[in-house]
Amino acid sequence: MTARPYDAVLCDIDGVLRHWPTASDIESSHGLPAGTLAAAAFAPARLHPAITGEITDEQWRSAVAADLAEMCGSLDRAHAAVADWSNLVPRVDHEVVSLLAQARTVATVALVSNATTRLEWDLARQGLDDLADTVVNTSRIGAMKPDPHVYVMAAAQAGAPVHRCLFIDDTAANVTAAREVGMTALHYRQIEDLRSALAPLLNTASGEQHT
C-alpha cells in the first residue's frame, strides 16, 4: 500500500474555492467610479483590522460607508451602496469542491482564509459549511496570512504536523510563507494545478479501495 503523502490539505477560499463578481454595476447605479468600493474596503488600514478580528464585519462595512459618504453625497447613500455590495454572491467552483471532498476521504481538509467575522455565515448560505473538517478564519485567531502563526494554528486545528500539510493558495506571498514553515505548498492558478497536486493523495485512496 502506498503511504499517503499528506495528513492534511489546507485550502484558501477566495480565489480558489469561490470567486467574487465585480461591483461595477453596483458602482454605476450609485454614481461611483469603477473600483471605488474595492479601493475603500480593501485599503490595508481599513481591511486588516477586520481580518484580524480587531473589529467585526459590521463595523468594517460601516467604516467603509463612512469613508464613501462624501463621494456618495450622504452617509445614507453610502450605506445603501455598501449594502448592495455586501449582497453580492460569489461563484463557487464546484470542481474544487469535488476535489476537496475526495481529499477528505483520506486526509483532513481545512479551509484557511483571511476573512471577516462574516465568513461562517457566507459559507453556510452557499452550503459550504460542511465541506471541510475545520475552518480557520483569521478574524477568529488574531493573525492573517502570511503570518506564520496562521499556518501553525491551521496545522494544529487539522491535527497534522506542518511538514505533513499541503497548503493551497492563489496568493504567492501566502504560498511562500507556508513553505517557510515547512509545508508543501501550491500556488493555485487553475483547476489543473489542484488536480495534479492532489493526485498522489487521491491515488492512495484509490489504492486502499483495491486492497
Side-chain angles (χ1 to χ4, degrees), residues 2-20 42 44 47-54 90-120 122-123 128-205:
T2 304
R4 64 181 181 180
Y6 316 111
D7 294 331
V9 175
L10 314 180
C11 188
D12 180 34
I13 296 177
D14 292 322
V16 180
L17 175 60
R18 65 182 188 182
H19 304 269
W20 291 91
F42 302 133
L47 179 65
H48 289 182
I51 61 176
T52 56
E54 293 179 37
R91 174 182 64 83
V92 174
D93 189 326
H94 289 284
E95 288 187 272
V96 173
V97 170
S98 177
L99 286 169
L100 293 178
Q102 292 175 59
R104 196 177 176 193
T105 65
V106 70
T108 301
V109 171
L111 300 180
V112 185
S113 182
N114 283 351
T116 72
T117 55
R118 197 177 90 158
L119 176 64
E120 293 82 3
D122 266 338
L123 293 175
L128 298 173
D129 49 328
D130 290 326
L131 176 61
D133 296 287
T134 189
V135 175
V136 181
N137 178 349
T138 59
S139 67
R140 307 294 183 187
I141 63 173
M144 65 182 189
K145 297 177 290 185
D147 186 325
H149 179 67
V150 175
Y151 305 90
V152 173
M153 285 286 291
Q157 282 191 216
V162 291
H163 70 279
R164 296 286 298 164
C165 294
L166 170 64
F167 176 81
I168 302 140
D169 203 294
D170 65 315
T171 300
N174 296 343
V175 172
T176 298
R179 289 173 179 152
E180 288 176 348
V181 300
M183 292 181 177
T184 300
L186 168 69
H187 185 193
Y188 181 90
R189 297 176 182 85
Q190 56 190 357
I191 190 66
E192 288 76 15
D193 299 335
L194 182 58
R195 191 174 288 114
S196 296
L198 290 178
L201 181 65
L202 298 182
N203 286 342
T204 65

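A quick note: this is a predicted structure, and the numbers were derived from the prediction, not measured.
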Heavy atoms only: give me the nearest [X]-[Y] pair and the separation to one decimal.
{"X": "Val9", "Y": "Ala103", "value": "CG2-CB, 4.3 Å"}
{"X": "Ala3", "Y": "Thr204", "value": "O-CG2, 3.7 Å"}
{"X": "Met183", "Y": "Ala155", "value": "CE-CB, 4.1 Å"}
{"X": "Ala8", "Y": "Ala160", "value": "CB-CB, 3.8 Å"}
{"X": "Ala185", "Y": "Ala178", "value": "CB-CB, 4.0 Å"}

* Quick one: do Leu17 and Val97 satisfy side-chain contact (heavy atoms from CB on, under 4.5 Å)? Show the steps, please. => CA-CA 7 Å; Leu17 175 60; Val97 170; 3.5 Å; yes
Is there a side-chain contact between [X] and [Y] in this structure, where contact means two heavy atoms from C-beta onward sitting under 4.5 Å apart?
{"X": "Asn174", "Y": "Val150", "value": "no"}
{"X": "Val109", "Y": "Leu131", "value": "no"}
{"X": "Lys145", "Y": "Thr171", "value": "no"}
{"X": "Leu198", "Y": "Leu166", "value": "yes"}
{"X": "Asp14", "Y": "Pro90", "value": "no"}
{"X": "Leu123", "Y": "Ile13", "value": "yes"}
{"X": "Ile191", "Y": "Leu99", "value": "yes"}

Would you compute the distance between atom [atom1] of [X] and atom [atom2] of [Y] and round it to the nearest 0.5 angstrom?
{"X": "Leu100", "Y": "Asp133", "atom1": "CG", "atom2": "CG", "value": "10.5 Å"}
{"X": "Leu111", "Y": "Leu128", "atom1": "CG", "atom2": "CG", "value": "8.0 Å"}
{"X": "Met153", "Y": "Ile141", "atom1": "CE", "atom2": "CD1", "value": "5.0 Å"}
{"X": "Met144", "Y": "Thr138", "atom1": "CE", "atom2": "OG1", "value": "8.0 Å"}
{"X": "Thr108", "Y": "Arg164", "atom1": "OG1", "atom2": "CZ", "value": "11.0 Å"}
{"X": "Thr116", "Y": "Asn137", "atom1": "OG1", "atom2": "CG", "value": "7.0 Å"}

* Between the side chains of Ser196 and Glu192, does any donor sit under 3.5 Å from an acceptor? -> no
* Run the numbers on Val16 and Cys11 for side-chain contact (heavy atoms from CB on, under 4.5 Å), then give the verdict. => CA-CA 8 Å; Val16 180; Cys11 188; 3.7 Å; yes
Ignoring hydrogens and geometry, is there a side-chain-to-backbone donor-acceptor pair from [X] to [Y] under 3.5 Å?
{"X": "Arg140", "Y": "Thr117", "value": "yes"}
{"X": "Thr176", "Y": "Ala172", "value": "yes"}
{"X": "His187", "Y": "Asp170", "value": "yes"}
{"X": "Tyr6", "Y": "Phe167", "value": "no"}

* **Candidate pair Val112 and Tyr151, rule side-chain contact (heavy atoms from CB on, under 4.5 Å), full reasoning** => CA-CA 9 Å; Val112 185; Tyr151 305 90; over 6 Å; no
